[in-house]
2 protein chains.
Amino acid sequence: MVTIKDVAAAAGVSVATVSRALNNQATVDADLADRVRVAAAELGYRRNGVARSLRLQRTDVWALIISDIANPFFTAVARGLEDVAQEQGYSVVLCNSDEDPAKEARYLDVAVREQVSGVVLSPNEVSSDISHLQRLGVPVVAIDRPLREPVDSVLVRSAAGAEEATAHLLEQGWRRPACITGPESAGTAVQRLTGYRRAMAAHSSRPPKNLVRYADYRADRAGEAAADLLDGRYPPDAFFVANSEMALGVLEELRHRQLLPGRDVGLVAFDDAPWTPFTERPLTVVAQPAYEMGVLAGRLLLDRIGVPLDAQPPARTRRLRTELVVRGSSLRG
Amino acid sequence: MVTIKDVAAAAGVSVATVSRALNNQATVDADLADRVRVAAAELGYRRNGVARSLRLQRTDVWALIISDIANPFFTAVARGLEDVAQEQGYSVVLCNSDEDPAKEARYLDVAVREQVSGVVLSPNEVSSDISHLQRLGVPVVAIDRPLREPVDSVLVRSAAGAEEATAHLLEQGWRRPACITGPESAGTAVQRLTGYRRAMAAHSSRPPKNLVRYADYRADRAGEAAADLLDGRYPPDAFFVANSEMALGVLEELRHRQLLPGRDVGLVAFDDAPWTPFTERPLTVVAQPAYEMGVLAGRLLLDRIGVPLDAQPPARTRRLRTELVVRGSSLRG
DNA sequence: TTGTAAGCGTTATCAA
DNA sequence: TTGATAACGCTTACAA
């Protein structure tokens with residue numbers, strides 16, 4: 001490995017001068033600086049980031065810990081965050097907790113150990129433990145899902161979006177829309193259910209019962225939930241599904257039963273995805289500004305990095321609006 | 001920050017003993033080890049991975065640098081790699097090069113600087129520069145796309161898969177299947193085109209011309225390519241598309257023209273995705289064993305990590321078979 | 001079995 | 001403006 005020492009020897013200067021030259025410090029003579037840069041290039045020197053981090057007690061790395069890498073929502077968030085990061089000289093490393101609290105804890109630990117300078121987290125549970133990061137003063141931004149701890153958060157108005165979606169189904173004339181939501185431990189799942197319930201209550205003083213199922217945000221469990229609902233005593237005639245991945249499971253079950261969305265049943269999914277316009281009946285969705293959320297999270301991080309603990313602003317929460325995109329699957333006939 | 005020194009003081013031992021105890025070395029007295037562990041837990045000590053890496057000249061981190069995070073193929077690869085890594089005590093950090101050679105170079109540099117102990121890369125170009133990693137003895141595995149340098153590789157039999165897909169279209173009675181492939185710089189794009197050409201040549205001694213377009217593996221460019229083909233003098237009656245993301249662009253263009261796959265045109269995409277069974281006519285695809293590829297890449301990495309340079313095996317290439325999954329979009333009528 | 005101390009590669013302080 | 005040197009937190013000879 002070529003170290004700063006080798007460069008110093010080659011350029012005939014001290015290691016201190018090399019360090020200063022390579023970090024573009026103004027106090028170094030232009031000629032010397034050139035000589036150093038030439039020597040570094042010739043030797044193929046690359047700064048050892050580990051040593052640098054140890055000395056500086058910080059890195060130029062942010063961690064983005066997401067709960068499902070296969071979910072296009074999170075990949076769009078990642079893009080947004082990364083664009084802000086790159087612009088400011090940070091790198092983003094992505095960690096996939098896979099909806100598994102143990103994996104999430106592992107990656108939070110990695111973030112501490114590797115001294116990342118900021119963490120964006122979509123917590124699996126509102127109770128996820130970020131105390132260690134907080135104690136070290138590493139800024140944390142919760143994204144998509146709320147955290148019990150008071151930290152900066154970028155959320156969507158889930159309840160409002162869910163309410164709008166459910167109201168839309170009712171307006172279309174569907175009588176018994178069911179709700180398939182995520183796990184009870186996820187704040188978003190609860191909020192989307194709340195929105196659904198609000199719309200149902202607003203539409204009728206005695207809303208139908210037993211039309212709610214908790215799945216785990218995964219396709220197959222959502223398919224089972226749909227089957228269970230359809231086999232019930234008073235089956236639903238429409239579905240509000242709390243994310244697009246679960247919509248795939250529901251679509252499979254409906255196809256299996258030869259029920260066509262937009263004709264035999266109504267269907268709206270929370271969360272857009274690239275494929276949603278191309279299902280047999282294009283899918284009506286509640287779109288989230290995922291990319292913007294990533295950008296916003298990055299900005300919140302930047303606001304805190306390098307700011308002393310006593311000058312940190314209080315925790316801020318940004319709640320972004322969703323947009324109902326009506327396509328075919330929610331219409332009647 | 002709580003350091004090993006604080007733990008030593010609290011436990012009344014030396015830092016060396018703390019280090020040994022926390023690394024489960026056999027040579028340390030059981031009682032003492034317990035005392036150390038208790039002290040560490042009470043103080044909330046976490047080992048500083050940066051300092052450790054500097055001393056050991058290695059980390060427990062692998063980098064996976066992929067060319068498109070929104071592509072489900074790569075997310076499945078990531079899952080496979082991660083499962084192997086976790087099992088062996090490594091963490092995987094994901095970097096998204098976004099089909100941009102500059103970003104890729106940036107992340108390769110980050111990998112060097114941060115001293116990751118292994119890199120899995122889906123190169124944007126066959127000429128991607130990994131020389132620095134090689135010089136340092138950091139094992140590299142190329143995945144999905146070949147690299148000019150001799151490194152371990154996990155590829156699929158792209159040409160064979162493409163040939164099978166195209167032959168299937170021809171067998172179904174489509175006369176003029178077009179090929180929309182990826183950028184010329186990507187090895188996979190070239191191979192898939194080769195397979196297409198092979199099938200066309202095998203089927204007819206004078207295969208139709210001007211039916212090939214290079215897009216960049218992105219949906220919108222593929223849509224434009226489809227439009228261009230359909231507006232040509234002798235338009236195609238079927239499409240072989242080199243990945244599933246581009247299939248979305250083609251689907252959009254077809255819908256725009258009210259052409260239904262499986263009735264008015266034939267359509268096969270290389271690369272499966274979760275949504276492919278749910279398009280208006282379920283999409284026929286060439287499925288790749290993405291998860292297994294990730295697992296394999298991890299195993300190849302493990303074979304080299306910690307092995308001295310002179311004991312390293314020669315570069316190995318694994319070529320995995322694809323599977324043609326016939327659904328509706330390639331059928332006729 | 002335990003402790004002392006050197007050293008990983010860098011940056012920052014201080015003196016020249 | 002430059003150089004010598006200490007320090008970041010850890011692991012590991014080597015000594016006791």
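In what follows, every chain begins at residue 1, and chains take the letters A, B, ... in the order their sequences are listed. Side chains included, hydrogens not; waters and symmetry mates left out as well; all remaining heavy atoms used.
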Check: Between atom CD in A:Glu114 and atom C1' in D:dC10, what is the gap in whole Å?
Finding: 13 Å
Check: Taking atom P of D:dT11 as reference, at what distance in whole Å does atom CG of B:Asp60 sit?
Finding: 11 Å
Next item on the list: Answer yes when B:Glu149 and B:Arg135 have at least one side-chain N-carboxylate O distance shorter than 4.0 Å, and no when they do not.
Entry: no
Next item on the list: State whether A:Asp109 and A:Arg106 are salt-bridged, where the test is any N-O pair (Lys NZ or Arg NE/NH1/NH2 against Asp/Glu carboxylate O) under 4.0 Å.
Entry: no
Note to self: Can you build the contact string for nucleotides 8-16 of chain C? Use B for base contact, S for sugar-phosphate-only contact, and - for no protein heavy atom under 4.0 Å.
What the structure shows: BBBBBB---
Check: Is any side-chain N of the basic residue among A:Asp98 and A:Arg218 closer than 4.0 Å to the acidic one's carboxylate O?
Finding: yes
Check: OP1, OP2 of C:dT4 versus side-chain N and O of B:Ser14: anything below 4.0 Å?
Finding: no
Margin query: Between the side chains of A:Arg318 and A:Asp152, is the shortest nitrogen-to-carboxylate-oxygen separation below 4.0 Å, so that they form an ion pair?
Written below: no
Check: Using 4.0 Å as the upper bound for N to carboxylate O, is an ion pair formed by B:Arg299 and B:Asp303?
Finding: no
